[in-house]
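The next block holds one structure in the form of structure tokens; read it before the comments.
This one's a predicted model, so the numbers in the text were calculated from it and none came from an experiment.
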Amino acid sequence: MSTLYLANHIVVSVFGMVLSAAFCNIVWTRRRRLVMAGSMAALLVFQGMIYFFIAPETVGCLYPLTVHLPLAVVLCILSRECVWPVISVLTAYLCCQLRRWLALLIVAICSGSSVVQSTAELAVTLPILLVLLRAAASPVRSVSHFTVSVQCQFGLVPALYYGFDYLTRIYTDLLLEGVLVAVEFMPFVCSVAYLVFVVYTSQERQIRRRIEQRQDILNLQIAQAVREIRTLRESRKKASAYRHDLRHHMQYLSACIENGCLEQAQRYIREVCTEIEAVRVTVFCENEAVNLIFSAFAGQIAECGIPIEIWARIPRTIPISESDLCVLLSNALENALHACRKVQERGGTAAIAVSAYEKNGKFFLQIINSCDGEVTFERGIPVTDTKGHGIGVHSICAIVEKYGGVCTFSVKDRQFILRASL
């Protein structure tokens, strides 16, 4: 009996230590494998000394100090982390209960004794370990990449079970005596953990849905931006063709005049002038896409009677795609125009100033526009309850974040200031 108990104790120790190491986020070099193997051997030898020279019953009582704590320290050193190795040890201890429960199930079915239970625990240990290493180790390990608060939430249930098991089964007999608080504690923990999981999953799903909606809107804006740039570019080529074919236009007009078709000539002149004027592009910098976007919005803003100043120093090529650049500038200018219109509706004067330049491979943008001063911020981001508005700000933030940049929003002296670098 003592030999079987000792063998079972060694097997469960190896089971827990291997699983704890597998749950840790460690790159297993040859040196680290040797350190881990040596640590496991040392812990097993120390357990054997306690078993033979002190008392077998003392092994279980001192297990947290003689195995779990040293194991956590070794894993902390190997992984260079503090919190997650402790959680991995607690999680591995929780997984040890799988072999115990399966053994108890076998005993209940076979009506066996404690010898059958120990034998069953030995028999199921290796298959359970292989299954956990294959199916659970990687998902558990992935939690170590989350924040410390998320790691602690994950380790809460294993920690509660660890304390519960030692307090009610090893250090006392509260569980065997049927004390209701002890008996009902783990079902209570499972219930709370389940409810927290449901609430957390629901919140995560809602956040993911909002992110997907914003991403869909951003994709639509990008597609629209690509179409607008293509249309502006084609219109500009058409205007250039009109200017290039000026001699042919003059010949056509001359023929109309000679034939007395003055009304037809005037109509043709108006059509050509309208098409050329509609696609007039002001050159602000070397970048064609920026010129097209600034020209299109400058015309809209001027039609509203709002003064606009644009200063741009942007080279022909920058590390930002035309579609993303269009989404960024279009949303920023559209928001500025919307704010200025609100100022005009209240009888105030409005203006817009734009600065854009490239330096050391970085794109910088600043837009200052008049506003009514009633801007609500949440975590530094302007928000609004008006339906259909606020999407532009999220699109700007998404583009800036995509390129690892930074953007800030502020209000000073009834002027809204957007600054972005990416």
Flag yes if more than 12 heavy atoms outside F146 fall under 6.0 Å of its CZ atom; otherwise flag no.
-> no

Nearest-0.5 Å distance that lies between atom NE2 in H338 and atom SG in C304 | 12.5 Å

Over all atoms of both residues, closest heavy-atom pair of N287 and R316 | ND2-O, 3.1 Å

Are F154 and T91 close enough that some pair of their side-chain heavy atoms sits under 4.5 Å apart?
-> yes

Stepwise side chain to side chain contact (heavy atoms under 4.5 Å, CB included) check, S88 with V140 | CA-CA 8 Å; S88 69; V140 172; over 6 Å; no

Which value, rounded to the nearest 0.5 Å, describes the distance between E334 atom CD and I301 atom CD1?
-> 10.5 Å

With a 4.5 Å limit on heavy-atom distance, are the side chains of Q344 and I306 in contact?
-> yes

Evaluate whether atom CG of L180 has more than 12 neighbouring non-hydrogen atoms of other residues, nucleotides or ligands under 6.0 angstrom away.
-> no

Do the side chains of L44 and M17 get nearer than 4.5 Å, heavy atoms only?
-> yes

When every non-hydrogen atom of I87 is compared with those of C152, the smallest separation belongs to CD1-N, 4.1 Å

Side-chain donor or acceptor of W311 paired with backbone N/O of Y357 under 3.5 Å | no

Considering non-hydrogen atoms only, spot the tightest contact between L65 and P70 and give its length.
-> O-CD, 3.2 Å

Can you measure from OG (S20) to CZ (F15) and round to the nearest 0.5 angstrom?
-> 9.5 Å

Taking side chain as C-beta onward, heavy atoms only, is I106 less than 4.5 Å from V124?
-> yes

Does CZ in R100 sit with more than 12 non-hydrogen atoms of other residues, nucleotides or ligands closer than 6.0 Å?
-> yes

Which is it for T125 and V12 under the side chain to side chain contact (heavy atoms under 4.5 Å, CB included) test, yes or no, and what are the steps along the way?
-> CA-CA 7 Å; T125 298; V12 73; over 6 Å; no

For residues Y161 and V189, determine if any side-chain heavy atom of one lies less than 4.5 Å from a side-chain heavy atom of the other.
-> no

Over all heavy atoms of both residues, which pair between N369 and A339 is shortest? Give the atoms and the distance, please.
-> ND2-CB, 3.5 Å

Heavy-atom count around E309 CD within 6.0 Å, excluding the residue itself: above 12?
-> no

For atom CH2 of W101, decide whether the heavy atoms of other residues, nucleotides or ligands shown that lie under 6.0 angstrom number more than 12.
-> no

Are F416 and N335 close enough that some pair of their side-chain heavy atoms sits under 4.5 Å apart?
-> no

Does E358 use its side chain to pair, donor to acceptor, with the backbone of G361 at less than 3.5 Å?
-> yes

Find out whether F294 and L333 are in side-chain contact, i.e. whether some heavy atom of one side chain is under 4.5 Å from a heavy atom of the other.
-> yes

Check against side chain to side chain contact (heavy atoms under 4.5 Å, CB included), S79 and N25 = CA-CA 6 Å; S79 65; N25 189 29; 5.9 Å; no

If you measure from OG1 on T66 to CG on L71, what distance do you get to the nearest 0.5 Å?
-> 11.0 Å

SG/C95 to CG/L90 distance, rounded to the nearest 0.5 angstrom?
-> 11.0 Å

Check whether any side-chain heavy atom of L422 lies under 4.5 Å from a side-chain heavy atom of L328, and answer yes or no.
-> yes

Going through the distances and angles, do I50 and F46 end up as a side chain to side chain contact (heavy atoms under 4.5 Å, CB included)?
-> CA-CA 6 Å; I50 296 175; F46 189 52; 4.0 Å; yes

May I ask you to decide if A351's main-chain N or O and S370's side chain share a donor-acceptor pair within less than 3.5 Å?
-> yes

Identify the heavy atoms of Y63 and Y166 that sit nearest to each other, and give their distance.
-> CB-OH, 3.4 Å

Could you state the interatomic distance from CD (E81) to CD (Q151), rounded to the nearest 0.5 Å?
-> 6.5 Å

State whether a side-chain donor-acceptor pair under 3.5 Å links Y162 with H68.
-> yes

Of all the heavy-atom pairs spanning R141 and C24, show the shortest one and how long it is.
-> CD-O, 3.1 Å

Backbone N/O of S13 and side chain of Q47: donor-acceptor pair under 3.5 Å = no

